[in-house]
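Okay, so here's the structure we're looking at.
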Amino acid sequence: MLFGMGILRGLGVTLKNFFASYYKKPEEGGLFTVEYPEKRLPVKERFRNFPFLVYDTTPENMRCVACDICAKECPPKCIYIVRDNDEAGRPLKKPAIFDIDFTVCMNCGICEEVCPFDAIYMDHEFEIADANRLDALLYNLPDLLKPNDYFQKIRPNDAAQVDARRLEAEEKKKAAVAAVKTQAAAKDIKPE
Amino acid sequence: MESLQVLVKAGIYILMAAGSLAAIGAVFFPNLFYAGLSLAGVLICVAGIYLSAGADFLAMVQILIYVGAVMTLIIYAIMLTNIEEIKVSHLGIKQILLSILAVSGFAVLTASAILSIDWRPLSGQNRLEVHELGAALMSRYIFPFEVLGILLFAVLIGAIVIARKDKV
Amino acid sequence: MDQLFVNLKNMALHLIGVFAPDWLVSLSSILISVGAMTFLGIFIMMYLTLMERKVIGRMQNRIGPNRVGKWGLLQPVADAIKMLTKEDIVPEPADRLLHFLAPVMIVIPALLIFAVIPFGRNMTALDLNVGLLYFFAMSSTTTMVIFMAGWGSRNKYASLGGMRSVAQMISYEVPMVLSVVPVLLSVGSLSTGKIVEAQADLWFVLTPWGFFACVIFFLCGVAECNRSPFDLPEAESEIVAGFHTEFSGMKFALFYMAEFMNAFSIAALTATLFLGGWQGPLLPSWLWFILKTYSLLFVMMWFRGTLPRLRADQMMGLAWKFLLPLALVNILAAGLHLYLGGPAGFASALIILLGSFMGLSKVNRSYVPEKREYVLAD
Amino acid sequence: MNLIPTEHYLLFALVLFAAGVTGILTRRNVIGVLISIELMLNAAAINLVVFSHTVKTAPETGQLFAFFVIALAAAGAAVGLAIVLALYRNRHTVQTDEMNLLKW
């Protein structure tokens, strides 16, 4: 073919691309850059950033029972839990201190998988940069606690499954309690 | 307007002074690269002198050929030959003084000859147009022009043959 | 409207003339032009960098700088501040004098070339009757300065880059000078002003030899300022950054400025020689000049956005084995066209040029091995 | 054109020529000698241009011959430097006084 044809075709492509970027829509070859701070791409549901603790209605009855499984399972060991105990010294099912060091956490989500009490889940909040490195990113209990409806807002499907499972466990437990109560009722009728 | 001419005259004298300084630099700099650069300075000052003498085509040709090509040749040669030897690039101080003495004798002689003659420039000289130069080049001086062409052609081939590395 | 800037300058001169002696007036007229040129040079350089980044961005489907200022308009200011405040490192073995002198001496010819460019009707700063030769003289002095930069910084990459870019600039200067000869044939004068006046009714690019000369001149011009497909000497992947490796801060800004000013003057001269400089139907003359020059600059950036870098031997081969013979044949065709005149000349020039173009491209066909058959082990 | 009396041009050319001659006499490096030769040729070219005003000949003679001088100087420099390169390749030196072997 003629000497310069390949070059001209290549130039044609870039020129078409140059003008397309002005009037074409993103899908059909137009400009698809999302200018970050002003416009944002929606975060996918399964996106996982640093974990947070879920509480149902008020921060007091949070789901975490300080069983320490997540602290053991965490690969980089960035979770630190101290169990709370009441005034008499008996241990309670509540953590007194629950720290996660976000500079160490690698967002792997293992704590979410191993937690038997659906207490800890991965968050979608990633703009948490801070000036000083050491204590600013060491999140303790009050910072980690977030309500359940926030959990439903950011991960609707997972939250729905978790709630369904909890409800069903609730029913089963209530049924079991009811069954125990009926048996007890039946037993104490006989002995009197 | 004559005050502007004073300015131009001063400019020419400055150019001459710079040219001679650069020439002395070109000769006496131990570092050859500096010598090359001061030669370029001389060439540009000489181009300025041509401009003042009314030969602007020549000034442009001078810059184009000399500073563009010959300087590059010289700098290529400097970079390709042995660099360490640059430091020792002057004869002993005695020879230098002797040669300066001899040359200044010659210079004084010629200067007295120059100053003794009364150079009256011809009146009615106007600035030469480039196309007049071209026409003359093609009519009166066609022979030297052709000879120059052949010579440059021969030099082209000769330089390549000499500088070629692999003696095939 | 057309003579806007000329009247502005005359008004300023009258103003000065009121209370100054006449030699000061003529001096100030020179100073006004020089000041305008220098400001233009710096202004062009700043906004060419922005234009280049925006255009190449848009070609690659991204936006290009739009953070600083409205559409990134203040980006050059930000770049300038960054470059000026950056620490100016002089490598220890480097030669102090050369390292300092090189950036200074590369900007001087870049600015001097502006004197000869006709920005509009009688808006040429210095209408020399050897205008075009002045341009070639100035652009050829940069070779020596590039050597100084490469050699001064005592760095292997820098001197290698220096040698390569000088070799490239010299081998592209020959076809560049020869491609301008047909224009001189038809105009008869070297002065850029006369060349533009001669293109009042017919732009040279519309004649066959004019088109080929324009392509050759533009390609050589792009190679002359080490841009786009010919930027091997300062290719990041090849030899770091070529001759300006060891320069940072203000010195690098000067090199950067000189490169863009050269690009602007090449585009301006191509427009002057072949696209009829400031000739144009309606708009004021200087606007026509700006339109043509910036469209040619767009083409330069277009090259940069598309074409891959040429290898060293391809680059040299293109200059000596393709552009030079084509430029010589072009002179022949232009002579024929002017001698015969009319359609006969036009046709003969066209035939000769197309024939030589096909012949040269056949000769320069790079060696492509024929299809290889692979014998698979059974 | 005669802003400056001709003598001053000639004196400037003389200075250049004298510098060139001293350069040739004192330089040990061959390239230094070539640089001095360029100086001398330039001095001659200046005289040619200046004399074209004072001597009654065709006005463009001086300039054209200066043009020829420049072209020849470029040719001379090209061959000279080619010889320097060849010399350097064989003798690994560019010092003038080490080239005393007549037979190659």
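Lettering of chains follows the sequences in order, A, B, ..., and the numbering in each one begins at 1. Predicted model only: the values in this text are computed from it and were never measured.
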Inset, instruction - Kindly compute the distance separating CG (B:Asp56) from CD (D:Gln63), expressed to the nearest 0.5 Å. - result: 7.5 Å

Inset, instruction - Determine whether D:Ile4 and B:Tyr13 make a side-chain contact, defined as any pair of heavy atoms from C-beta on separated by less than 4.5 Å. - result: yes

Legend entry - Evaluation steps, side chain to side chain contact (heavy atoms under 4.5 Å, CB included), between B:Tyr76 and D:Leu85: CA-CA 10 Å; B:Tyr76 253 102; D:Leu85 283 185; over 6 Å; no

Inset, instruction - Under 4.5 Å, counting heavy-atom pairs only, tell me which of B:Val8, B:Ile24, B:Ile12 racks up the most with chain D. - result: B:Ile12

Legend entry - Separation of B:Ile96 CD1 from D:Arg27 CZ (nearest 0.5 Å): 9.5 Å

Inset, instruction - Report the C-alpha distance between B:Ile114 and D:Thr6 in whole Å, list the side-chain angles of each, state the deciding distance to 0.1 Å, and finish with yes or no for side chain to side chain contact (heavy atoms under 4.5 Å, CB included). - result: CA-CA 9 Å; B:Ile114 292 173; D:Thr6 330; over 6 Å; no

Legend entry - Spatial distance of atom OG1 (D:Thr22) from atom CD1 (B:Ile100) [nearest 0.5 Å]: 6.5 Å

Inset, instruction - Flag the pair D:Asn42 / B:Leu43 as yes when at least one side-chain heavy-atom distance between them is below 4.5 Å, and no otherwise. - result: yes

Inset, instruction - Select one option (side chain, backbone, both, neither) describing which atoms of D:Leu25 are under 4.5 Å from chain B's heavy atoms. - result: both

Legend entry - Distance in Å, B:Ile65 CD1 paired with D:Ile70 CD1, rounded so as to fall on 0.5 Å steps: 6.0 Å

Inset, instruction - State, with a plain yes or no, whether a side-chain heavy atom of D:Phe67 is found less than 4.5 Å away from one of B:Val61. - result: yes

Inset, instruction - Indicate the atoms forming the closest heavy-atom contact of B:Leu148 with D:Ala71, along with that distance. - result: CD2-CB, 3.5 Å

Inset, instruction - State, yes or no, whether a side-chain contact exists between D:Val49 and B:Ile49 at a heavy-atom distance under 4.5 Å. - result: no

Inset, instruction - Could you pull out all residues at least two apart from D:Phe65 that satisfy ring-ring contact (aromatic ring centres under 6.0 Å, His included)? - result: B:Tyr141, D:Phe68

Inset, instruction - Please flag which part of D:Leu81 lies under 4.5 Å from any non-hydrogen atom of chain B: side chain, backbone, both or neither. - result: side chain

Legend entry - Euclidean distance, B:Leu98 CG relative to D:Thr26 OG1, rounded to 0.5 Å: 12.0 Å

Legend entry - Atom pair CG/CD1 of B:Leu39 and D:Ile31 - distance to nearest 0.5 Å: 12.5 Å

Inset, instruction - Identify the two heavy atoms, one from B:Ala26 and one from D:Leu39, that lie closest to each other, and give their separation to 0.1 Å. - result: CB-CD1, 4.3 Å

Legend entry - CA sep, side-chain torsions, deciding dist, call: D:Asn29, B:Thr81, side chain to side chain contact (heavy atoms under 4.5 Å, CB included): CA-CA 10 Å; D:Asn29 191 322; B:Thr81 53; 5.9 Å; no

Legend entry - Side-chain heavy-atom pair D:Leu10, B:Leu115 within 4.5 angstrom cut-off: no

Legend entry - Residue pairs fulfilling salt bridge (Lys or Arg N to Asp or Glu O under 4.0 Å) with at least one residue in residues 71-82 of chain D, sequence neighbours excluded: none

Inset, instruction - Output the option from D:Val15, D:Leu14, D:Val50 having the highest count of non-hydrogen pairs under 4.5 Å with chain B. - result: D:Leu14

Legend entry - Residue D:Ala43 versus chain B: region with a heavy atom under 4.5 Å: neither

